[in-house]
Amino acid sequence: MKVVVADRLTKVYPGGKKALDSVDLSIKEGEIFGFLGPNGAGKTTAVKLFNGMLQLTEGSCSVFGIDPADSPEKVHNLSGVVTEHAQMYNNLSGLANLMFFGSVFNISEDETKRRALEIMERLSLLDARDQKLGEYSTGMRQRLSLARALIHQPKILFLDEPTSGLDPESAQNVNNLIKNLARSKGTTVFLCTHQLRYAEEICTQYGLISEGKILASGSLDELHSLVFAGLTLKLKIEGGDINIPGRKFGIEYTGANCNELNVEVNSIDEIPGIVRNFVDSGGKVYHVSAHKHSLEEIYFALIEKRKSQEKENDQ
Ligand SMILES: Nc1ncnc2c1ncn2[C@@H]1O[C@H](COP(=O)(O)OP(=O)(O)O)[C@@H](O)[C@H]1O
Ligand SMILES: [Mg+2]
């Protein structure tokens, strides 16, 4: 089932800024979708449109088949949203905040408390449950905002830069929680971030956005094949002849007499020949490994590709 759908979704803000330009998206249930792009790309605008917090200009969008502009309350029952500026109450304790939001969704006090304590434990907030939110650190506040978004057990979770202010350990906690939700409960996750390494750890599908337009979307393998034919071979070598005719490579000096070399290959079948050539020319090979390109490399290659396409179109 398609949980989140955008069809030529366009948003022009009053004043004329086109934040989203004919965006198409289609996200299946249970996916962890990474919506990736630099600041100002349009990610937060999309989250607001999907949750009925803004009106679209053109096109359409839906969440579980519901139009968020027509029935925002129906979407809110199914969706949890974590934005950069979640509204919560500074003078209430962490637990009291969650109790309040549970009551908004008509969940019984006992059940809300049970859920709240369980989520707080998973997010390492249990010790701070009776502390006023006003005394929470930024990271604790962000985690409580996630707890708040989960209290009504949403079927889809929109996370807008959820780990941007978190230390590595808290970020890992949040990551694990998100993965777990998707795996054990089939919760769909719509994750906006500009942190590509973080996204690559948890996402199953991606949409790359830049200046309001989708550059590409799909799984990591699908994105990979849009810009790279093969693999990167990493070699640690010493001496020998490092010239491989017709090949691009970069040499990175990593230590005494030892060079690390990256070579682009089309398939693993090329590896034995390359290694044999090194050895035949008198070189020593200490380490060989083959890597697929990282999301970060794919992302920048896609941006480059888009730029050169635009240049061609201009000519
Ligand atoms: N309320 C607003 N009024 C006018 N322009 C806005 C408003 N909110 C965002 N924008 C602009 O829309 C573009 C997309 O913003 P946003 O969706 O916040 O991007 P992101 O979340 O990817 O950083 C930016 O150029 C931003 O300045
Ligand atoms: Mg944003």
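Ligands are counted one by one from 1 in listed order, and the atoms in each one are counted from 1 as well.
- An N or O contact shorter than 3.5 Å links T44 to ligand 1 by distance.
- Under a 4.0 Å criterion applied to the non-hydrogen atoms of A19, ligand 1 contributes the atoms 12 (O), 13 (C), 14 (C).
- Contact annotation: the side chain of S22 approaches that of R8 to within less than 4.5 Å [non-hydrogen atoms, C-beta and beyond].
- Contact between G42 and ligand 1 is present, with at least one heavy atom of the residue lying under 4.0 Å from the ligand.
- Salt bridge annotation for E111-R114: present, with a cationic side-chain nitrogen under 4.0 angstrom from a carboxylate oxygen.
- The nearest protein atom to atom 23 (O) of ligand 1, hydrogens excluded, is given as G40 N, 2.6 Å; this is a heavy-atom distance.
- The A41 neighbourhood of ligand 1 comprises atoms 19 (O), 20 (P), 22 (O), with distances under 4.0 Å to a heavy atom of that residue.
- If you number the atoms of ligand 1 from 1 as listed, the ones under 4.0 Å from a heavy atom of N39 come out as 23 (O).
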Discussion item. Walk me through whether T10 and V23 qualify under side chain to side chain contact (heavy atoms under 4.5 Å, CB included).
Written reply: CA-CA 7 Å; T10 301; V23 163; over 6 Å; no
Practice prompt. Could you give me the CA-CA distance, side-chain angles and deciding distance for N173 and S170, then say whether side-chain hydrogen bond (donor to acceptor under 3.5 Å, both in side chains) is met?
Written response: CA-CA 5 Å; N173 271 347; S170 305; 5.5 Å; no
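- Salt bridge K292/D221: present, at least one basic N to carboxylate O contact under 4.0 Å.
- Here Y89 and F100 bring their ring centres to under 6.0 angstrom of each other.
- Contacts between K17 and ligand 1 below 4.0 angstrom, taking non-hydrogen atoms only, involve the side chain exclusively.
- A salt bridge between K113 and E109 is absent, with no side-chain N of the basic residue lying under 4.0 Å from a carboxylate O of the acidic one.
- Residue-level proximity to ligand 1 for P38 is carried by the backbone, the only part with a heavy atom below 4.0 angstrom.
- Closest protein heavy atom to atom 15 (O) of ligand 1: T45 OG1, 3.9 Å.
- The single protein non-hydrogen atom nearest to atom 9 (C) of ligand 1 is Y13 CE1, 3.5 Å, given as residue, atom name and distance.
- Metal site remark for the Mg ion (ligand 2): T45 contributes no N, O or S atom at a distance under 2.8 Å.
- The number of heavy atoms from other shown groups lying within 6.0 Å of CD (E58) does not exceed 12.
- Ionic pairing of D314 and K311 is not present here: no N-O contact between side-chain nitrogen and carboxylate oxygen is shorter than 4.0 angstrom.
- Distance check for atom 27 (O) of ligand 1: every protein heavy atom is found at 4.0 Å or beyond.
- Considering backbone and side-chain atoms together, K43 places an N or O closer than 3.5 Å to an N or O of ligand 1.
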